[in-house]
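Everything below concerns the one structure shown next.
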Amino acid sequence: MQLFYEFPNNMQRPCITFVFISLFLVSSYGDETDNKVTNIGAIIDVDSRIGKEEKTALEIAVQSFNNNVSNNHKLSIYIQNSRRDPLLAATAAKKLIEEQEVKAIIGLETWEEAALVADIGSRARVPVLSFAAPAIRTPTRWPFLVAMANGDSEQMKCIAATISSFNWKRVVVIYEDDTFGGDSGKLALLSEALRDVGSEIEYRLVLPPLSSVSNPNKVVQDELIKLFNVQSRVYIVLQSSLPMTIHLFEKAKDIGLIGRDSAWIITDTISSYFDSFNSSVISSMQGILGIKTYYDEGTNLYKTFYPQFRRTFRDDNPEEDNFQPSINALRAYDSIRIVKQAMDSDENSPDSLLKNILSSNFTGLSGEIHFQQGKLSHDPILRIVNVIGKSYNELDFWSPGIGFSKNIGYVGNKSADFTGTVIWPDGSKLVPKGWAIPTNTKPMIIGVPARTAFEKFVKVDDGKHPGQKKYDGFCIELFYEVLTVLDYDLIYQFDPHNGTYDELVHKVYNKTYDAAVGDITILANRTNLVEFTQPYAATGLSMIVPVKPESSEWMFLKPFTAKMWLVTGSLLIYTMFIVWFLEHQSNPNFRGPWNNQIGTALWFTFSSIFFAHREKIYSNLTRVVVVVWLFVALILTSSYTASLTSMLTVQRLEPNVTDIESLKRSNVKIGCDGDSFVRTYLEDVLKFESYNIENVSSEYNYEGEFKSNHIAAAFLELPYGKVFLNRYCKKFTTTAPTYIFGGLGFVFQKGSPIARDFSRAILKLSEDGNLMSLEQKWFAPSPECSANVTEESKTNSLSINSFLGLFLISGATSTVCLLLFLAYSLKRYWHHELENNAGNLSLVDEGVLIKAMRVAKYIYNGKVCVQGEVSAAPRVPDIYEWSSPTWDYDRSSSHISMENLEVKSQAETEIGIQLQVHN
């Protein structure tokens, strides 16, 4: 091995911009002329700890492959120092390609360097193996670029998952501006990843490039002081050079940004500096979390490589006390292996070399080596480490699609949340709040609506002293109750807002106010700007209209619904028919001409409702039917009387206007609170004309507006409507459908952690009943309304559902008695037929119709007529005793003769029909 240091002609001393280190590594045996030597270029920051590690790994790799007897190709590597300057890297690449005719270039620790060198390599058709990867890869732009590192997307998702695990909603991003005034795309990826987990970037702190400032300590301190005006205390350091990182953490520790309630997370780029920091820098980074790319230290290849690396690195860098290789050192070793394998092919054209490089498929020191579209195809496994003492502890592993895990096996250890125990900057294991609690010097500024229509919610008055304000109302007292539930003291300051509610919400959005407390309605468009707490009151839009006493000449019908009247009437008629059918054979009161029979049956049934019937009942079956009917009548009359009494004695009010469409058709004016969103809602959604909408500034003005007929209706949010009706329940009522909104809540800035604490406190107050107690205290109805009947307590018409069982019992009883009567009558009829008409063939030959008529007449009259004879059948008894034991009525002779004449006439007609049939 021979080392040659070459300086350009225009360089006068070693402390120039960069140096060329030409390192030839050839076999220690055999003739060099027998082997083909391939030149490879390496561009790294030789002055940095990472560059030194990469240089050592490259030496070991080249020497290892060149010492292999079977190799026909030998490698000669030219290492150039870029000092992480993209322009120097580009110049070095051009010189390596033109002067040394290198076949491939390895290195490039930053993407800014890799982008410029990739352009040069693509034009010269020289493959470039970069240790840095772009945030978003465009293969067509750099066809000869091969990224040995994964992109930043997975790392940003890992950081976002960590943020989500600790329930932090807002973060501060810190990064050093690169030479080209950018952040390499990391910021956009982080912002998107945070948005996916419901968090956001509250503030960006951009540090100037270290090379552009003369006093970095002062510049860094001045920039960090700005963070005290930001509420979030979760800091993510995206990118920074080694010197800037040292200044950053030392000054952050000095001014108190690293301590209680703060959390710091650094990316893999900065975590790679851990081995380069001395004890003073490490002490300033206690408790921070870092992301590092995982590699397996248990493979045979690593166990062979590590002793060589440790020995060589210690010999070359005796000032270093840590000899652990970084991920870039492993990538450097694997890069040499990739190029060596690609060179073994018979084809050595640039395109074939690139193709062979992209076809690599093996497991190296840094992990699986397999490319797809110019980048590593496998997802990385990331380690989350925690800086403790002089080193760091490994806490969790994270991988896309898997989440967090305690080990690499994942089986049984997968978790969506962080599982490791972190020692935070203040030395405790308690997760920091991640935001700055307001102090006396910087209290929380809370806006309060000073111009409200309903003072029971918020009322702002002048205090005893000039400029002093007094705040009162349901919302203010609820805010005080929430403070008692919080587990920390919240230093705040109220500020009255004289404007609309939308303007108040925008003041929270533009950070004029930290929060707003009051009767603020949760609306969809407002949630896009600010964050609301859990609603403490339901809300909607109700229409308030004047009322008039309800009166009607048909009031006596209202105790029952129409269906109830119909079913009751049907049951009455059915019962009347059953009573008549059971009684008309044996009871003289139910005989005679048809009009008399119907009249008697109707009279009996109706009079029985009032227990005023006088007709005697002879059949026991009828008595059963009547007893059940009387019970039904008792229940119905009692219910009717009670319902009608309630309707007549309790004042019933009905609205003058019943629906919104009638208001729009009549073109009358309506009132609303002009400072709320209601006016806009009436115009845009309910389509009221703007000139018909009047602004009413106070709840006490509505009554006067109605009395003067200036407005016909008022549209109020539901809580306001309840307060208004609690005062004027005798004069106004609410009607029309209620349009539901999100409720009333307190307002905070987007991502504010205090909003989450307030929501939990409101839920606790609701569960404990304290919220209801506050409502009863502030919104109790007036004395005249407290005893007034509400809409819910008004007597409603009785429906059939309340009496369905009673109707079924009555109807079933009547039907069963009718069937028993028919069954017994038919039995007696057939018995009579068998006894009196045996052997009479004419009767046997009768048709079905004739037989049916004979049966019907028997059931109706209780007699049977056969061939001109009138045979009186015995009176049909009841099942047990079909008639009353005492026959206490006299049949007049005229009545009997009429009966006989009627029967005779019927018999003659029947005999005539039979003769016609025989003929």
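In this structure, Phe249 and Val237 have side chains that are in contact, with non-hydrogen atoms separated by less than 4.5 Å. Residues Ser335 and Phe131 meet the side-chain proximity criterion, which asks for heavy atoms closer than 4.5 Å. The shortest distance between side-chain heavy atoms of Leu210 and His247 falls below 4.5 Å. Under the 4.5 Å side-chain criterion, counting only non-hydrogen atoms from C-beta, Tyr175 is not in contact with Ile236. Side-chain contact check for Ile174 versus Leu227: some heavy-atom pair is nearer than 4.5 Å. By the 4.5 Å heavy-atom criterion applied to side chains, Pro432 and Trp168 are counted as neighbours.
Here Gln308 pairs with Ile60, Thr304, Arg311 under the side-chain contact (heavy atoms from CB on, under 4.5 Å) rule; sequence neighbours left out. A search for side-chain hydrogen bond (donor to acceptor under 3.5 Å, both in side chains) contacts involving Asp489 returns nothing, not counting sequence neighbours. In terms of the salt bridge (charged side-chain N to carboxylate O under 4.0 Å, His left out) criterion, residue partners of Arg49 (sequence neighbours excluded) are, by chain and number, Glu53, Glu320. Every side-chain hydrogen bond (donor to acceptor under 3.5 Å, both in side chains) that Ser48 has, sequence neighbours left out, goes to Asp45.
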Quick one: do Met148 and Ile369 satisfy side-chain contact (heavy atoms from CB on, under 4.5 Å)? Show the steps, please.
CA-CA 8 Å; Met148 290 292 295; Ile369 304 298; 4.3 Å; yes

Walk me through it: do Gln749 and Ser752 pass the test side chain to side chain donor-acceptor pair (under 3.5 Å)?
CA-CA 5 Å; Gln749 295 174 8; Ser752 172; over 6 Å; no

side-chain contact (heavy atoms from CB on, under 4.5 Å) between Thr533 and Phe748, intermediate numbers included
CA-CA 8 Å; Thr533 63; Phe748 290 87; 3.5 Å; yes

Determine, step by step, whether Leu189 and Lys186 satisfy the side-chain contact (heavy atoms from CB on, under 4.5 Å) criterion, reporting the C-alpha distance in whole Å, the side-chain angles of both residues, the deciding distance to 0.1 Å, and the verdict.
CA-CA 5 Å; Leu189 291 174; Lys186 293 183 177 68; 5.7 Å; no

Evaluate Asn328 against Ser326 for side chain to side chain donor-acceptor pair (under 3.5 Å), listing each step before the verdict.
CA-CA 5 Å; Asn328 273 10; Ser326 65; 5.7 Å; no

Residue pair Glu59, Thr312: steps toward the side chain to side chain donor-acceptor pair (under 3.5 Å) verdict:
CA-CA 9 Å; Glu59 294 175 3; Thr312 304; 5.9 Å; no

Pair Trp424, Asn386 - check side-chain contact (heavy atoms from CB on, under 4.5 Å), show working.
CA-CA 8 Å; Trp424 298 101; Asn386 183 202; over 6 Å; no

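Of all heavy-atom pairs between Ile255 and Phe228, the closest is O-CZ, 3.3 Å. Between Asp268 and Thr293 the shortest heavy-atom distance is OD1-N, 3.2 Å. The minimum heavy-atom distance between Ser262 and Leu257, with the atom names listed, is OG-O, 3.1 Å. Residues Pro208 and Glu176 approach most closely at O-CG, 3.8 Å, considering heavy atoms. The shortest non-hydrogen separation linking Ala42 to Leu58 is CB-CD1, 3.7 Å. Nearest heavy atom pair, residue Asn150 against residue Pro380, reads OD1-CB, 3.5 Å.
In Asn300, the CG atom is not crowded: 12 or fewer heavy atoms of neighbouring residues, nucleotides or ligands sit closer than 6.0 Å. Around the NZ atom of Lys157, the shell of radius 6.0 Å holds no more than 12 heavy atoms that belong to other residues, nucleotides or ligands. More than 12 heavy atoms of other residues, nucleotides or ligands shown are found within 6.0 angstrom of CZ on Arg756. More than 12 heavy atoms of other residues, nucleotides or ligands shown are found within 6.0 angstrom of OH on Tyr294.
Of the N and O atoms on the side chains of Tyr513 and Asp495, at least one donor lies less than 3.5 Å from an acceptor on the other residue.
In this structure, Leu483 CG and Glu481 CD are separated by 9.5 Å, a value rounded to the nearest 0.5 Å. Taking CD1 of Ile288 as the reference point, atom CH2 of Trp264 lies at 9.0 Å (rounded to 0.5 Å). Note that the CD1 atom of Ile106 and the CD atom of Glu54 stand 10.5 Å from one another [nearest 0.5 Å]. In this structure, CG on Leu248 lies 5.5 Å from CG on Leu224, to the nearest 0.5 angstrom. Here the CZ-CG distance, from Arg195 to Leu190, works out to 10.5 Å after rounding to the nearest 0.5 Å. Atoms CZ and OG1, from Phe479 and Thr484 in turn, are 11.0 Å apart once rounded to the nearest 0.5 Å.
A distance-only check finds no donor-acceptor pair linking the side chain of Asp379 to the backbone of Pro400 [under 3.5 Å]. Between the Glu202 side chain and the Ser232 main chain, a donor and an acceptor come within less than 3.5 Å of each other. A donor-acceptor pair under 3.5 Å is formed between the side chain of Asp396 and the backbone N or O of Gly420. Here the side chain of Asp177 pairs no donor or acceptor atom with the backbone of Val206 at under 3.5 angstrom. The backbone N or O of Asp85 sits nowhere less than 3.5 Å from a side-chain atom of Glu112 that would complete a donor-acceptor pair. Formation of a donor-acceptor pair under 3.5 Å by the Tyr333 side chain with backbone atoms of Gly364 is not found in this model. Not one N or O on the side chain of Ser191 forms a donor-acceptor pair closer than 3.5 Å with the backbone of Leu187. When atom types are taken as modelled, the side chain of Ser366 and the backbone of Leu330 share no donor-acceptor pair closer than 3.5 angstrom. Checking side-chain atoms of Asn317 against main-chain N and O of Glu319 turns up no donor-acceptor pair under 3.5 Å. Put simply, the side chain of Ser164 never gets that close to the backbone of Ala161: no donor and acceptor are under 3.5 Å apart.
Note: Phe494 and Tyr492 have tilted aromatic rings, judged against thresholds of 30 and 60 degrees for the angle between ring planes. Between Phe418 and Phe166, the ring-plane angle classifies as tilted under the 30° and 60° cut-offs.
Under a 4.0 Å N-O distance rule, the pair Arg760/Asp757 qualifies as a salt bridge. Of the charged side-chain nitrogens involved, at least one lies within less than 4.0 Å of a carboxylate oxygen, so that Asp47 and Arg83 count as a salt-bridged pair. Using a 4.0 Å cut-off between a side-chain N of Lys or Arg and a carboxylate O of Asp or Glu, Glu531 and Arg170 do not qualify as a salt bridge.
Applying the ring-ring contact (aromatic ring centres under 6.0 Å, His included) test to pairs two or more places apart or on separate chains, none has a residue in residues 202-223. Sorted by first and then second residue, the pairs that involve residues 210-236 and meet salt bridge (charged side-chain N to carboxylate O under 4.0 Å, His left out), not counting sequence neighbours, are Lys218-Asp222, Glu223-Lys226.
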